[in-house]
Amino acid sequence: MARVQQQVGVFGAPAADDRHAVMGCHAALDLIHRITRLDDPDIQVRVGLHCDVVVAGITEAEYLRAYDFGGPGLILVERLQAAAQPVVV
């Protein structure tokens, strides 16, 4: 049974950076390159890449503190990632 993990990278937060889109593209290409070099057919990576505004902030609970993101852009990138072919940006 295949184990699926999903990761989302956000660039330009918590401090705005005009190069956030370029950094995201480089990170996606680097991820694909590194996974491909492993030469393991059981490991596949699917990348969804999108540039948008998100709501970012700290979410706190009694025993939890996390930096969280939300917004329509994240929903879109999750759909792009799910529809992507392996090792293609």
Side-chain angles (χ1 to χ4, degrees):
M1 179 188 227
R3 192 172 101 181
V4 177
Q5 291 185 338
Q6 184 174 352
Q7 300 293 318
V8 175
V10 177
F11 297 84
D17 190 319
D18 290 339
R19 299 170 306 156
H20 67 273
V22 173
M23 291 188 300
C25 291
H26 282 282
L29 293 170
D30 188 52
L31 173 67
I32 288 174
H33 176 73
R34 289 171 184 254
I35 294 296
T36 303
R37 281 187 17 208
L38 293 174
D39 198 26
D40 185 342
D42 293 331
I43 300 175
Q44 294 185 356
V45 62
R46 298 173 189 269
V47 175
L49 192 60
H50 178 63
C51 182
D52 202 352
V53 175
V54 298
V55 177
I58 297 174
T59 304
E60 292 189 63
E62 190 172 343
Y63 296 104
L64 173 70
R65 184 174 183 192
Y67 197 71
D68 201 11
F69 305 94
L74 289 178
I75 296 168
L76 177 59
V77 79
E78 288 172 357
R79 290 181 180 172
L80 290 170
Q81 180 267 334
Q85 296 296 316
V87 299
V88 174
V89 176

So, for Arg46 and Ala84, which heavy atoms are closest and what is the spacing to 0.1 Å?
NH1-O, 2.5 Å
Please list all pairs meeting ring pair (Phe, Tyr, Trp, His ring centres under 6.0 Å) that have one or both residues in residues 65-89, counting only residues at least two apart or in different chains.
Tyr67-Phe69
Can you list every pair that meets side chain to side chain donor-acceptor pair (under 3.5 Å) and has a residue in [range], with sequence neighbours left out?
range          : value
residues 74-83 : none
residues 9-26  : Asp17-Arg19
residues 57-66 : none

Applying side-chain contact (heavy atoms from CB on, under 4.5 Å), name anything that partners Val45, two or more places apart in sequence or on another chain.
Leu31, Ile32, Ile35, Val47, Val87
To the nearest 0.5 Å, tell me how far Leu74 CG sits from His50 NE2.
9.0 Å
Look at the side-chain heavy atoms of Ile, Leu, Val, Met, Phe, Trp and Tyr, link any pair under 4.5 Å apart, and say whether [X] and [Y] land in one connected group.
X     : Y     : value
Val53 : Leu80 : no
Val8  : Val54 : yes
Val22 : Leu49 : no
Ile58 : Val10 : yes

Under the ring pair (Phe, Tyr, Trp, His ring centres under 6.0 Å) test, which residues partner Phe11, sequence neighbours left out?
none
Would the number of heavy atoms belonging to other residues, nucleotides or ligands and lying under 6.0 Å from CG of Asp39 be above 12?
no
